[in-house]
Amino acid sequence: MSDDLHIDGQKLHFHPQRVAQLLDAGDNISDLSEIYPVYMEISPVGACNHRCTFCAVDYIGYQTANKLDVSLMEQLLPVLAEKGVKSIMYAGEGEPLLHKHIAQMVKATKQSGIDVSFTTNAVPMTDKFIQEALQYISWIKVSLNAGTEESYAQIHQTREKDFKRVIDNLKRAVEFRNKNNLDCTIGIQSLLLPENEADMLTLSAIARDEIGADYFVIKPYSHEPGSLTRKYKNISYDLNKYNQLEQDLRAMETEDFSVSFRSRTMQLYHEDTERRYSRCYSTPVFMAYIMSTGDVYGCKDHLFDKQFCYGNVNNNTFVEIWEGEKRKANIDYVLNHLDVSKCRVNCRMDKVNRYLFDLKHDRIKHINFI
């Protein structure tokens, strides 16, 4: 099964100069504070039109009043690009397409020299967004977690008609992309849950044959320790049970459509924790998160934890925040006090951390025999 997009891997090794900065800095907090993120996630709005049963950020409360000012973003984005930020994913604690000026924000991001992507439920995707923003976007990943109207409404906690609306929106996006020869990858992602495992083949067929999507990803649920929902907290994945499903999904691949059944990631649920890593190197350095309130965090999985909040872009410049004392204190905390065994299993930076920990601690033998 192909994975040209490295969906089940990590891509930090394609940024060797930034990795070299980390290695050269060692544990020097002052030097580490001058390294800027490669990737950022930004939440344009706090509002969301769904209340998914698996929502990791339900504790934030879907704050409809919270939204980033587009003029502020137009000032911020060139600074981020100048400091070395390469990519931004618009997602976050709300549904990003609910921001009224999201197309303008996307254009400003790309024109600043930063690659743009989205994770969205795609229900609010409009023709205006498709026509004005798609040309600037590298990829759109749609959270679609069922193959029927009934199961979709149950899992997404929404109306059944939203299911067809998502499919129709994506069909129009793919048609517009193809007609205008745009380089925007459009994919579908689904969490594998007890309520939807019987839908996966149907959903894959919808993604391939009805929508014309480029890929379909099935990944495991990962519980956020701060989540209010506990429904799937103790979920486990028996790969023997899903072996046939994975084979059937692989058989649906074509030259233009790939399937990523993230069995490797599922296996990590059963991993001996001693084989993981004891330090997080990505959080204080290679990623950042901006909430819809403007608060800047070093890790999305520690929102509302004051130790991980560096400041607010409505009050200070990003440079002041990123090189400020709060971030330096957080770097010290993460490197010397954070117990990563209590962090979210399979977090977004998990594979990056494995790679960095191996580099920093010589866990790979005979490295000079290239």
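Between the side chain of Tyr289 and the backbone N or O of Asp295 there is no donor-acceptor pair closer than 3.5 Å. Side chain of Asp301 to main chain of Cys343: no donor-acceptor pair is present (N/O by atom type, distance under 3.5 Å, no hydrogens or angles). Under a 3.5 Å cut-off, the side chain of Gln189 and the backbone N or O of Phe216 do not form any donor-acceptor pair. Within the 3.5 Å criterion, the main-chain N or O of Arg344 finds no donor-acceptor partner in the side chain of His223. Side-chain atoms of Arg18 do not come within 3.5 Å of backbone N or O of Phe286 as any donor-acceptor pair. Side-chain N or O atoms of Thr229 include none that pairs as donor or acceptor with a backbone N or O of Phe54 at under 3.5 Å. Of the possible polar contacts, none joining the Glu210 side chain to the Ala207 backbone as a donor-acceptor pair under 3.5 Å is found.
A salt bridge links Arg354 with Asp350: at least one charged nitrogen is closer than 4.0 Å to a carboxylate oxygen. With respect to the salt-bridge test (charged N to carboxylate O, under 4.0 angstrom), the residues Arg348 and Glu41 qualify.
For Asn330, the side chain to side chain donor-acceptor pair (under 3.5 Å) criterion is met by Tyr310, not counting sequence neighbours. The side chain to side chain donor-acceptor pair (under 3.5 Å) test applied to Ser87 returns no partner, not counting sequence neighbours. For the side chain to side chain donor-acceptor pair (under 3.5 Å) test, no residue two or more places apart in sequence or in another chain qualifies with Asp58.
Between Tyr242 and Phe261, the angle of the ring planes lies from 30° to 60°, which puts this pair in the tilted group.
In terms of heavy atoms, Phe257 sits closest to Met252 at CD2-O, 3.8 Å.
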